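Worksheet: the structure to be examined is printed underneath.
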Amino acid sequence: MSNGSGTATPSSNRTIMIVLSYLWLLALVPLLVEKQDSEVQWHAKHGLVLLVAEIVLWIAFTVATSVLSFITSGLGCLLSLFGPLIWLVIVVIHIVAMVKGTNGQRLIIPGISEYASRF
């Protein structure tokens, strides 16, 4: 449904759908359910892009930690101590994205967010 200005009419559950958009795989729910709300669609796609970026980050981190552990016993263990910090940063990014999204804004992460508009 269009409101005459060229944008989709906001969904009645927009807030819930935007929050779901940033709960990892649950981003599929708003992506599949709220096809008429372009803002919810963008946040759902952004949430999925973040998920893919996080998976790539964790794979790279795990490989780097494993290789460093194999080559130098202590450096890999030292690097692994940053795992919880990385996880905390990821959770904070998701919370900030939820808050901004529910306030009608978008969290733009350079190099990552641009992919949300591509599909």
Side-chain angles (χ1 to χ4, degrees):
M1 299 175 79
S2 179
N3 62 10
S5 64
T7 59
T9 303
S11 164
S12 60
N13 3 330
R14 179 179 261 189
T15 301
I16 294 167
M17 291 299 162
I18 288 175
V19 169
L20 285 176
S21 295
Y22 293 105
L23 293 176
W24 297 279
L25 276 180
L26 290 177
L28 291 172
V29 173
L31 185 68
L32 299 172
V33 172
E34 295 293 338
K35 293 189 181 281
Q36 300 301 318
D37 192 330
S38 59
E39 193 65 15
V40 170
Q41 284 290 300
W42 186 89
H43 285 285
K45 291 174 184 177
H46 191 244
L48 290 172
V49 167
L50 282 175
L51 172 64
V52 170
E54 291 159 11
I55 290 171
V56 169
L57 173 70
W58 278 114
I59 290 171
F61 180 75
T62 302
V63 167
T65 303
S66 299
V67 168
L68 284 174
S69 291
F70 184 72
I71 295 172
T72 65
S73 342
L75 200 53
C77 291
L78 183 64
L79 183 63
S80 68
L81 295 175
F82 288 101
L85 179 63
I86 293 171
W87 179 246
L88 179 64
V89 169
I90 288 171
V91 170
V92 168
I93 288 171
H94 281 261
I95 291 170
V96 170
M98 285 177 203
V99 170
K100 286 188 84 131
T102 56
N103 289 328
Q105 301 170 332
R106 293 178 175 181
L107 175 66
I108 304 297
I109 301 170
I112 296 175
S113 297
E114 63 194 53
Y115 292 101
S117 302
R118 291 190 181 181
F119 69 93

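What you see is a predicted model; the values in this text were computed from it and never measured. This chain uses plain numbering: 1 for the first residue, then up along the sequence.
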Flag side-chain contact, heavy atom, 4.5 Å: V33 against N13
no

Check step by step if side chain to side chain contact (heavy atoms under 4.5 Å, CB included) holds for M98 and L23.
CA-CA 9 Å; M98 285 177 203; L23 293 176; 3.4 Å; yes

Pairing residues for I112 by the side chain to side chain contact (heavy atoms under 4.5 Å, CB included) criterion, not counting sequence neighbours
V49, L50, A53, I109

Identify whether V52 and I93 are in the same connected component of the hydrophobic contact network (ILVMFWY, side-chain heavy atoms under 4.5 Å).
no

Same apolar cluster: I95 and W87, side chain cutoff 4.5 Å
yes

Any pair counted as side chain to side chain donor-acceptor pair (under 3.5 Å), so long as it reaches residues 46-60, sequence neighbours left out:
Y22-H46, W24-E54, H46-S113, E54-H94

Nearest-0.5 Å distance that lies between atom CG in D37 and atom CE in M17:
10.0 Å

Selection residues 76-86 - residue pairs positive for side chain to side chain donor-acceptor pair (under 3.5 Å), sequence neighbours left out:
none

Of all heavy-atom pairs linking R106 and E39, the shortest is NH2-OE1, 3.0 Å

Pair E34 + R14, salt bridge at N-O below 4.0 Å:
no

Among all residues two or more places apart in sequence or in another chain, which pass the side chain to side chain contact (heavy atoms under 4.5 Å, CB included) test with T102?
T15, I18, V19

Hey, could you give me the CD/CD distance between Q36 and Q41, rounded to the nearest 0.5 Å?
9.0 Å

What are the two closest heavy atoms between K45 and A116, and how far apart are they?
CD-O, 3.5 Å

Listed once per pair and sorted, the salt bridge (Lys or Arg N to Asp or Glu O under 4.0 Å) pairs that draw on residues 108-117, sequence neighbours left out
E114-R118

Hydrophobic clustering (ILVMFWY, side-chain heavy atoms < 4.5 Å, transitive) - are V56 and I59 grouped together?
no

Just to verify, what does L79 make a side chain to side chain contact (heavy atoms under 4.5 Å, CB included) with, not counting sequence neighbours?
F61, A64, T65, L68, F82

Testing the basics here: between A27 and S21, what is the closest heavy-atom pair and its distance to 0.1 Å?
CB-O, 3.3 Å

